[in-house]
Amino acid sequence: MPPKKRTGGSRNELSTSAGQDNLSGNESAEDFDNDVKGKRKKPATETSAKQKGTSEKDASGKTVYCHWLMKSEPESRIQNGVDVKFGIEDLKALPNQTGCWDGVRNYQARNFMRDMKVEQQAFFYHSNCKEPGIAGIMKIVKEAYVDHTQFDKKDPHYDPSSKPGNPKWIMVDVQFERKTKRYIPLSELKKYHLRHKAKGGPLKNMALFTRSRLSVQPLTEEEFNFVLSLEGKGRI
DNA sequence: GCCAACGTTGGC
DNA sequence: GCCAACGTTGGC
């Protein structure tokens, strides 16, 4: 998903509180069906404790994540007459180095975004480009609120099936934290993934490979820390 | 630009 | 609720 950010942060307070009810309250049937099937009956008590610590299970047994990877396209591509380019430098250039991660139109990705909490970290991943890979780290500065672009006919991610009274799509605000000390290419991560899959290791189940098309993905703390540790090493 | 993988849609 | 057709993602 190539979200196209606009301005910095939260001047969308209207939709925020209005939308919030819709989003947490009445999830329409269709919303949740596309979630990881099988599990998730609807947690009686949503996440309360474990928020900031390691990724673990909540009361209902659902895994709680606190590290993320979000994909965006750093190279120009025209979609519906609009350039969807948005790389890490574009985020950094916004006021307060903050932007809204709009344009996510996949239920699983959306549901992960809904789980995001303020202060959590996410890798900024460059997709659909010369050399795909992790470019930096950002943090969540505003939790899920209505993605207004779904109602905008001019927007490349306009969704005519979504109605203002019951919005389908949400976004979060993210703030640039830093670029990684070096660019960490997908090709390198893949080598580790294959190695770890064969012999064991932190990246053996990394979503980047096991669910490669997901534009918003969770990482376990082990995955996150391992990837971070690569910053200081040479490429393999 | 190709195309594999996979998500979505809609007929039945 | 199945599944074929279709659309999209994103690496290569």
Side-chain angles (χ1 to χ4, degrees), chain A residues 1-5 23 27-41 68-91 101-115 122-136 138 147 149-163 166-172 174 180 182-198 203-219 223 227 230 235-236:
Chain A
M1 188 95 358
K4 155 193 49 74
K5 250 83 304 106
L23 293 166
E27 13 258 0
S28 53
E30 90 196 306
D31 289 358
F32 274 132
D33 295 343
N34 300 53
D35 218 328
V36 197
K37 6 194 154 213
K39 354 193 126 141
R40 189 148 322 171
K41 250 299 60 131
W68 312 95
L69 180 149
M70 303 169 86
K71 299 180 183 176
S72 186
E73 304 184 34
E75 294 173 5
S76 284
R77 188 171 63 83
I78 307 303
Q79 196 178 350
N80 290 0
V82 180
D83 192 351
V84 296
K85 168 188 188 304
F86 189 80
I88 193 160
E89 292 296 341
D90 299 301
L91 175 62
W101 206 266
D102 61 6
V104 171
R105 297 293 182 268
N106 168 281
Y107 291 110
Q108 288 183 187
R110 180 202 64 181
N111 292 346
F112 284 129
M113 280 208 299
R114 183 163 37 205
D115 290 338
F123 287 128
F124 195 124
Y125 178 89
H126 282 174
S127 67
N128 219 354
C129 57
K130 208 69 55 66
E131 186 174 44
I134 290 172
M138 49 197 173
D147 178 348
T149 66
Q150 65 198 297
F151 308 120
D152 179 0
K153 291 193 172 67
K154 296 284 164 52
D155 192 276
H157 305 289
Y158 171 60
D159 181 358
S161 75
S162 181
K163 299 290 170 260
N166 187 16
K168 280 189 183 174
W169 308 110
I170 53 107
M171 58 191 181
V172 297
V174 295
T180 43
R182 66 181 177 91
Y183 190 76
I184 304 174
L186 175 66
S187 58
E188 179 178 344
L189 294 169
K190 189 169 199 166
K191 287 175 193 162
Y192 284 108
H193 167 65
L194 292 173
R195 180 187 294 180
H196 292 179
K197 205 157 54 118
L203 300 196
K204 64 174 182 297
N205 295 319
M206 193 182 189
L208 194 55
F209 306 102
T210 59
R211 306 163 76 181
S212 62
R213 291 181 47 193
L214 251 195
S215 67
V216 176
Q217 322 185 336
L219 283 83
E223 289 165 343
V227 172
L230 297 178
R235 292 201 189 190
I236 60 168

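What you see below is based on every heavy atom in this structure, not just the backbone, and it leaves out hydrogens, waters and symmetry mates. So that the names make sense, note that chain A is the first sequence line, chain B the second, and so on, each numbered from 1.
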In whole angstroms, the gap separating P of C:dG11 from CD of A:E73 amounts to 9 Å

The nucleotide from B:dT8, C:dT9, C:dG11 with an atom nearest the side chain of A:R213 is C:dT9

Margin query: Quick check: do A:P74 and A:F86 have side-chain heavy atoms less than 4.5 Å from each other?
Written below: no

The test is side chain to side chain donor-acceptor pair (under 3.5 Å); show your working for A:N205 and A:T210 and say whether it passes.
CA-CA 6 Å; A:N205 295 319; A:T210 59; over 6 Å; no

Here the distance between atom P of B:dC6 and atom CG of A:L208, to the nearest Å, is 14 Å

A:R110 CZ to C:dT8 C1', in whole Å, measures 18 Å

Report task. May I ask you to test the A:S72-A:Y125 pair for a side-chain heavy-atom distance under 4.5 Å? Result -> no

Checking C:dG10, C:dC12, B:dT8 against the side chain of A:L186 (C-beta onward), the nearest is C:dC12

Separation of C:dG10 atom P from A:K130 atom NZ, nearest Å, is 18 Å

- Item | Sugar-phosphate only, base, or nothing, as touched by A:F209 at under 4.0 Å among non-hydrogen atoms | nothing

Separation of C:dG10 atom P from A:R77 atom CZ, nearest Å, is 9 Å

Closest to the 5' end of DNA chain B, once A:S161 and A:T210 are matched to their nearest nucleotides, is A:T210

- Item | Any A:Y125 side-chain N or O less than 4.0 Å from OP1/OP2 of C:dT9 | no

message = Set out, in order, the CA-CA distance, both residues' side-chain angles and the distance that settles side-chain contact (heavy atoms from CB on, under 4.5 Å) for A:K154 and A:N80, then state yes or no.
response = CA-CA 8 Å; A:K154 296 284 164 52; A:N80 290 0; over 6 Å; no

- Message: Base, sugar-phosphate or nothing for A:K190? Non-hydrogen atoms, less than 4.0 Å.
- Response: sugar-phosphate

Rounded to whole Å, CG of A:N128 lies from C1' of C:dC12 at a distance of 11 Å

Per atom distances to the A:K71 side chain, the nearest of C:dG11, C:dG10, B:dT8 is C:dG10

In whole angstroms, the gap separating C1' of C:dG11 from NE2 of A:H193 amounts to 14 Å

A:H126 atom NE2 is separated from C:dG10 atom P, nearest whole Å, by 14 Å

Problem set entry | Donor-acceptor side-chain pairing of A:Q150 and A:S162 below 3.5 angstrom | yes

